[in-house]
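Computed over heavy atoms, backbone and side chain alike; hydrogens, waters and symmetry mates excluded. Residue numbers run from 1 in the order of the sequence given.
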Amino acid sequence: MNRSITGHAPAIEFHNVSCRFVSPDGKATVALRDFSMSVAKGEFVAIVGPTGCGKSTTLSMITGLLKPTTGEVRVMGAPVDGIDPRIGFVFQADAVFPWRSVLDNVAAGPLYRGRSRSAAYKEADEWLRRVGLDKFGKHYPHQLSGGMRKRVALAQTFINKPEILLMDEPFSALDMQTRTLMQDELLQLWSGNAGSVVFVTHDLEEAIALADRVFVLTARPATLKKVYEIDLPRPRITSEIRYDPRFIEISRDIWHDLREEVQIG
């Protein structure tokens with residue numbers, strides 16, 4: 001079951017959204033076409049689709065970095081208007097300051113938002129403890145493994161208590177073992193945060209293991225092909241849930257839809 005709150009406005013809404021890009025030579029490319037999606041408060045949603053279909057474009061429109069050509073995107077019931085401080089973003093690449101220590105990186109968000117230095121660093125210490133890096137606060141990013149840097153990124157994001165968390169293939173560069181550990185870490189942090197998550201991934205198994213619902217996009221120009229309810233019990237351990245017969249059944253069904261679009265793409 002998902003943790004969405006009934007009777008409240010969705011956290012995120014796309015209403016018949018299309019997005020078109022025009023290149024310098026005047027060539028128009030449609031990334032999204034008549035795309036609609038709704039994400040409830042507290043819900044974990046994953047988006048999958050062929051390479052280049054516009055998955056990341058959806059995240060850019062939620063943040064306000066891109067505006068739809070037609071249609072409307074709403075966050076917490078209001079049209080998107082610029083950068084919203086209630087939204088956190090975790091990228092594929094590590095968004096850390098290489099010249100700052102791990103502790104300084106994690107404290108940067110609260111300091112920027114007006115917290116006192118003592119309060120910001122107290123919170124940063126707590127979040128480093130939560131992600132298992134309390135002994136690495138004085139280290140610098142180049143001294144950490146890929147998985148450890150990703151833990152720093154999660155601490156950087158969750159310390160700001162985002163109501164919406166957008167994730168663009170955040171674990172794709174990690175090896176399989178580290179990736180699985182980070183997926184479980186994310187689920188634990190999310191379960192204590194009660195925020196909404198939109199997770200873009202190429203990995204179908206990752207999407208099913210994490211999400212309440214999986215949105216399958218068509219080949220470009222992307223539109224919504226189908227939504228799958230992931231009726232696997234929570235809490236989940238991602239390394240174990242993959243062997244559940246229901247997981248295998250869902251994976252087979254989604255891949256049937258996704259394979260058609262990959263072949264078209």
Peer 1: Looking only at non-hydrogen atoms, find the nearest pair between Arg234 and Leu210 and report the distance.
Peer 2: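 Scanning both residues, the minimum pair turns out to be NH2-O, 2.7 Å.
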Peer 1: Any ion pair linking Glu126 and Lys122 (charged N to carboxylate O, less than 4.0 Å)?
Peer 2: no
Peer 1: When you group the ILVMFWY residues by side-chain heavy-atom contacts below 4.5 Å and let the links chain together, are Phe215 and Ile254 in the same group?
Peer 2: no
Peer 1: Heavy atoms only: give me the nearest Ile241-Ala209 pair and the separation to one decimal.
Peer 2: CG2-CB, 4.0 Å
Peer 1: Please say yes or no: joined through hydrophobic side-chain contacts below 4.5 Å, possibly via intermediate residues, are Met182 and Leu144 part of one cluster?
Peer 2: yes
Peer 1: Hey, mind stepping through Met37 and Glu13 against side chain to side chain contact (heavy atoms under 4.5 Å, CB included) and telling me if it holds?
Peer 2: CA-CA 6 Å; Met37 178 178 77; Glu13 298 171 276; over 6 Å; no
Peer 1: Is the backbone N or O of Thr238 less than 3.5 Å from a side-chain atom of Arg242, with the two atoms forming a donor-acceptor pair by type?
Peer 2: yes
Peer 1: Taking atom CZ of Arg259 as the centre, report whether more than 12 heavy atoms of other residues, nucleotides or ligands fall under 6.0 Å from it.
Peer 2: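 Yes, enclosed.
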Peer 1: Check whether any side-chain heavy atom of Arg220 lies under 4.5 Å from a side-chain heavy atom of Thr29, and answer yes or no.
Peer 2: yes
Peer 1: Linking I/L/V/M/F/W/Y whenever any side-chain heavy atoms sit under 4.5 Å apart, do Leu204 and Val198 land together?
Peer 2: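 Each belongs to a different hydrophobic cluster.
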Peer 1: How close do Phe14 and Thr58 get, counting heavy atoms only, and between which atoms?
Peer 2: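 Taking every non-hydrogen atom into account, CZ-O, 3.4 Å.
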Peer 1: Does some side-chain heavy atom of Arg74 sit less than 4.5 Å from a side-chain heavy atom of Ile12?
Peer 2: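 The answer is no; the side chains never approach within 4.5 Å.
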Peer 1: Inspect the contact between Glu260 and Lys225 and indicate whether a charged nitrogen and a carboxylate oxygen are less than 4.0 angstrom apart.
Peer 2: yes
Peer 1: When you measure from the side chain of Lys27 to the backbone N and O of Val22, does any donor-acceptor pair fall under 3.5 Å?
Peer 2: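 Answer holds: no.
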Peer 1: Can you give me the closest heavy-atom contact between Ala31 and Phe21, atom names plus distance?
Peer 2: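 Scanning both residues, the minimum pair turns out to be CB-CE1, 3.5 Å.
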Peer 1: With a 3.5 Å distance limit and no angle check, can you tell me whether Lys41 reaches the backbone of Glu163 through a side-chain donor-acceptor pair?
Peer 2: no
Peer 1: Pairing donors with acceptors under 3.5 angstrom, does anything connect the side chains of Asp34 and Thr223?
Peer 2: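 Side-chain D/A pair, Asp34 to Thr223: absent.
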Peer 1: Give a yes or no on whether Ile62 and Leu224 share a hydrophobic cluster (residues Ile, Leu, Val, Met, Phe, Trp, Tyr; joining criterion: side-chain heavy atoms under 4.5 Å apart).
Peer 2: yes
Peer 1: Show your reasoning for whether side chain to side chain contact (heavy atoms under 4.5 Å, CB included) applies to Trp127 and Leu189.
Peer 2: CA-CA 10 Å; Trp127 273 102; Leu189 295 174; 3.5 Å; yes
Peer 1: How close do Gly88 and Pro162 get, heavy atom to heavy atom, and via which atoms?
Peer 2: N-CB, 3.7 Å
Peer 1: Applying side chain to side chain contact (heavy atoms under 4.5 Å, CB included) to Leu32 and Ser18, what does each step give before you reach the verdict?
Peer 2: CA-CA 5 Å; Leu32 287 177; Ser18 294; 5.7 Å; no
Peer 1: Give the C-alpha distance, both sets of side-chain angles, the deciding distance and a yes or no for side chain to side chain donor-acceptor pair (under 3.5 Å) between Glu261 and Thr218.
Peer 2: CA-CA 6 Å; Glu261 301 306 321; Thr218 66; 4.6 Å; no
Peer 1: Is there a donor-acceptor contact under 3.5 Å from the side chain of Asn160 to the main chain of Gln156?
Peer 2: yes
Peer 1: Side chains of His142 and Pro98: closer than 4.5 Å at any heavy-atom pair?
Peer 2: no
Peer 1: Please round to the nearest 0.5 Å and tell me the distance separating atom CZ of Arg130 and atom CZ of Arg151.
Peer 2: 14.5 Å
Peer 1: Please say whether more than 12 non-hydrogen atoms of neighbouring residues, nucleotides or ligands are located less than 6.0 Å from CD1 in Ile237.
Peer 2: no
Peer 1: Report the hydrophobic cluster partners of Trp99, with the cluster defined as I, L, V, M, F, W, Y residues connected by side-chain heavy atoms closer than 4.5 angstrom, directly or transitively.
Peer 2: Phe97
Peer 1: For Leu133 and Met148, what are the C-alpha separation, side-chain angles and deciding distance, and is it a side chain to side chain contact (heavy atoms under 4.5 Å, CB included)?
Peer 2: CA-CA 8 Å; Leu133 292 177; Met148 293 168 77; 3.9 Å; yes
Peer 1: Suppose clustering is done on Ile, Leu, Val, Met, Phe, Trp and Tyr with side-chain heavy atoms closer than 4.5 Å. Which residues sit in the same group as Ile248?
Peer 2: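 Ile248 shares its hydrophobic cluster with no other residue.
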Peer 1: At their closest point, which heavy atom of Pro170 faces which heavy atom of Val200, and how far apart are they?
Peer 2: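 Looking at all heavy atoms of both residues, the closest pair is CD-O, 4.3 Å.
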Peer 1: Nearest 0.5 Å, please: how far is CZ in Arg236 from CG in Asp244?
Peer 2: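 That separation rounds to 10.0 Å.
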Peer 1: Measure the CG-CD distance between Leu232 and Glu249 for me, rounded to the nearest 0.5 Å.
Peer 2: 10.0 Å
Peer 1: Kindly confirm or rule out a cation-pi arrangement of Arg252 over Trp255, judged by NZ or CZ under 6.0 Å from the six-membered ring centre and within 45° of its axis?
Peer 2: no
Peer 1: Looking only at side-chain N and O atoms, does Ser196 offer a donor or acceptor that is under 3.5 Å from a partner on Glu43?
Peer 2: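 Glu43 vs Ser196: no donor-acceptor pair found between side chains.
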Peer 1: Go through the side-chain N and O atoms of Thr51 and His202 and say whether any donor and acceptor fall under 3.5 Å apart.
Peer 2: yes
Peer 1: With a 4.5 Å cut-off on side-chain heavy atoms, are Lys138 and Val102 touching?
Peer 2: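 No. Closest side-chain heavy atoms not under 4.5 Å.
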Peer 1: Output the distance between atom CD1 (Ile164) and atom CG (Asp84), rounded to the nearest 0.5 Å.
Peer 2: 7.0 Å
Peer 1: Compare all side-chain heavy atoms of Leu186 with those of Phe199 and state whether any distance is below 4.5 angstrom.
Peer 2: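 In short, these two side chains touch, coming nearer than 4.5 Å.
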Peer 1: How long is the span from the NZ atom in Lys161 to the CD1 atom in Ile159, to the nearest 0.5 Å?
Peer 2: 7.0 Å
Peer 1: Could you tell me whether a side-chain N or O of Ser251 sits under 3.5 Å from a main-chain N or O of Phe247, the two making a donor and an acceptor?
Peer 2: no
Peer 1: Report yes or no: does Tyr228 contribute a side-chain atom to a donor-acceptor pair with the main-chain N or O of Asp212 at less than 3.5 Å?
Peer 2: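 No.
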Peer 1: Indicate, with yes or no, if Val39 and Val48 share a hydrophobic cluster defined by side-chain heavy-atom contacts under 4.5 Å among Ile, Leu, Val, Met, Phe, Trp and Tyr.
Peer 2: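 Val48 and Val39: separate clusters.
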Peer 1: Report yes if the side chains of Leu154 and Glu185 come closer than 4.5 Å at any heavy-atom pair, otherwise no.
Peer 2: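 They are in side-chain contact.
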Peer 1: Does any non-hydrogen side-chain atom of Glu123 lie less than 4.5 Å from one of Tyr121?
Peer 2: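 Side-chain contact under 4.5 Å: no.
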Peer 1: CE/Met176 to OG1/Thr180 distance, rounded to the nearest 0.5 angstrom?
Peer 2: 6.0 Å
Peer 1: Is a donor from one side chain sitting under 3.5 angstrom from an acceptor on the other, for Thr201 and Glu206?
Peer 2: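 The criterion, which ignores hydrogens and geometry beyond distance, is satisfied for Glu206 and Thr201.
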Peer 1: The criterion is side chain to side chain donor-acceptor pair (under 3.5 Å); which residues satisfy it with Asp203, sequence neighbours excluded?
Peer 2: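 Asp203: no side chain to side chain donor-acceptor pair (under 3.5 Å) contacts found.
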Peer 1: Is the backbone N or O of Arg33 less than 3.5 Å from a side-chain atom of Arg20, with the two atoms forming a donor-acceptor pair by type?
Peer 2: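 Side chain of Arg20 to backbone of Arg33: no pair is present.
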Peer 1: Any donor and acceptor pair, going by atom type alone, linking the side chain of Trp190 with main-chain N or O of Gly195 inside 3.5 Å?
Peer 2: yes
Peer 1: Taking side chain as C-beta onward, heavy atoms only, is Phe89 less than 4.5 Å from Thr63?
Peer 2: yes
